[in-house]
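The first residue of the sequence shown is numbered 1, and numbering continues consecutively from there. Because only heavy atoms are used, hydrogens play no part in the values below, and waters and symmetry mates are left out as well, while side chains stay in.
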Amino acid sequence: REMNGPYENMIDFFTRTRSFLDKATYEALISANCFKGFGVVKSQFLAALDDFWEDAYKKTKEAEKRAEKANRPFDFRDRLISKINGILPDIREYPEEVSLKMEKKYLGLYLTNHPLYKYSYSIKNVSNFKLSDLEYDIQEDTGMITMANSDVRDGQGVKFVAIVNSIDTLTTKKNNIMARIEVEDLTGIFSAIMWPRNFQKYSQILREDEIYLCYGTLQISDEAPTLI
């Protein structure tokens, strides 16, 4: 890229990276919205990726090798364009929430947008807390914890809107099931605890990648804060 300048389009990218990227990498890049700036319809490319790879991309590379052996000129980009015509299906783009889930799967974060942005106004009206309120510093000399938000206090009841990123269940000594739930709002990510009684009550409606109005209690002591 530094030698030849920015990529002009999807075909330009395929052409210039053909010697060192494989199909799985291209699939991940498409899924992660990396080509959104090219106007790529992600659903079309992913639906046609197998056909594109076998019928267009690999055959064009084979033709290029034959041309090199015969010492003939060969324009990889033009040949690829001629092969790709008719491969892409005429289908709609994924709904944004589906596209963002794919982006999060491959990148580990939402990059081009966030599922909560469109609810920002409502979230502000119903929430009295945000996950960034749990940020803290540790004093080097004493080891004491200082909360970034001085208004946050131990035992405080909180209400906020968040996405559930993951649900990990644990078995207690009494053989009950509890959960550690990673939640994410527009300000940060935090691992909350749901005790067995509440997990039994809400486990049937808890789903990863879904949005919830969350209620909890803060525990703040000399150790890292806890959200229950």
Side-chain angles (χ1 to χ4, degrees), residues 1-119 162-168 182-189 191 207-211:
R1 184 182 184 277
E2 292 180 357
M3 182 182 299
N4 298 306
Y7 297 108
E8 297 176 3
N9 49 47
M10 192 79 163
I11 298 299
D12 185 39
F13 183 86
F14 278 126
T15 300
R16 289 162 58 181
T17 60
R18 64 188 185 277
S19 63
F20 55 88
L21 293 185
D22 59 14
K23 178 183 175 183
T25 303
Y26 288 126
E27 181 177 8
L29 290 171
I30 296 168
S31 299
N33 286 326
C34 294
F35 302 116
K36 192 172 184 178
F38 293 153
V40 169
V41 180
K42 181 165 67 175
S43 61
Q44 294 180 357
F45 261 92
L46 289 179
L49 187 59
D50 287 341
D51 289 340
F52 168 77
W53 192 261
E54 296 298 327
D55 296 337
Y57 195 72
K58 288 176 69 173
K59 288 183 179 179
T60 302
K61 291 183 73 173
E62 291 169 359
E64 182 183 39
K65 289 181 180 179
R66 291 194 298 269
E68 289 177 351
K69 288 182 179 180
N71 199 26
R72 297 194 311 268
F74 187 86
D75 192 317
F76 187 93
R77 188 177 317 193
D78 286 349
R79 178 67 68 88
L80 187 59
I81 291 174
S82 68
K83 288 284 188 181
I84 201 173
N85 289 333
I87 289 181
L88 296 181
D90 184 18
I91 58 177
R92 293 182 179 181
E93 181 60 287
Y94 296 117
E96 186 175 36
E97 58 269 23
V98 175
S99 181
L100 288 175
K101 286 179 181 179
M102 297 170 69
E103 180 178 282
K104 178 71 177 290
K105 174 184 176 181
Y106 284 96
L107 296 180
L109 75 164
Y110 298 110
L111 184 63
T112 59
N113 203 343
H114 195 287
L116 294 179
Y117 279 148
K118 60 183 176 181
Y119 305 116
I163 298 172
V164 170
N165 285 339
S166 63
I167 305 169
D168 296 318
E182 184 182 271
V183 290
E184 175 177 350
D185 68 4
L186 289 171
T187 69
I189 299 174
S191 183
R207 298 289 185 275
E208 293 182 357
D209 298 320
E210 295 294 333
I211 300 172

Q. In terms of the angle between their ring planes, are Phe35 and Phe14 parallel, tilted or perpendicular, with boundaries placed at 30° and 60°?
A. tilted
Q. So Tyr26 and Tyr57, would you call those rings parallel, tilted or perpendicular, with 30° and 60° as cut-offs?
A. perpendicular
Q) So does Tyr119 have more than 12 non-hydrogen atoms from other groups sitting under 6.0 Å from OH? A) no
Q: Would you indicate whether Phe20, at its atom CZ, is surrounded by more than 12 heavy atoms from other residues, nucleotides or ligands within a distance under 6.0 Å?
A: yes
With distance as the sole test, does [X] use its side chain to make a donor-acceptor pair with the main-chain N or O of [Y] at under 3.5 Å?
X	Y	result
Lys23	Trp53	no
Glu103	Thr112	yes
Lys42	Ser31	yes

Q. How far apart are the C-alpha atoms of Phe38 and Asp12, what are their side-chain angles, what is the distance that settles it, and do they pass the side chain to side chain contact (heavy atoms under 4.5 Å, CB included) test?
A. CA-CA 11 Å; Phe38 293 153; Asp12 185 39; over 6 Å; no
Rounded to the nearest 0.5 Å, how far apart are [atom1] of [X] and [atom2] of [Y]?
X	Y	atom1	atom2	answer
Lys118	Asn113	NZ	CG	9.0 Å
Cys34	Tyr7	SG	OH	12.0 Å
Glu64	Asp75	CD	CG	9.5 Å
Leu116	Asp185	CG	CG	7.5 Å
Ile91	Gln44	CD1	CD	6.0 Å
Asp50	Glu27	CG	CD	8.0 Å

Q) How close do Ile211 and Pro115 get, heavy atom to heavy atom, and via which atoms? A) CD1-O, 4.1 Å
Q. For Leu49 and Ile30, which heavy atoms make the closest approach, and how far apart are they?
A. CD1-CD1, 4.5 Å
Q) Partners of Ser166 by side chain to side chain contact (heavy atoms under 4.5 Å, CB included), sequence neighbours excluded? A) Asp168, Glu182, Glu208
Do [X] and [Y] touch side chain to side chain, with heavy atoms closer than 4.5 Å?
X	Y	value
Tyr94	Leu46	yes
Arg77	Ile11	yes
Ile163	His114	yes
Phe76	Lys61	yes
Lys104	Asn165	yes
Thr60	Phe74	yes

Q.
Per the salt bridge (Lys or Arg N to Asp or Glu O under 4.0 Å) rule, what does the pair list look like for residues 88-100, sequence neighbours excluded?
A. none
Q. Asn33 and Leu111: side chain to side chain contact (heavy atoms under 4.5 Å, CB included), yes or no, with the steps?
A. CA-CA 9 Å; Asn33 286 326; Leu111 184 63; over 6 Å; no
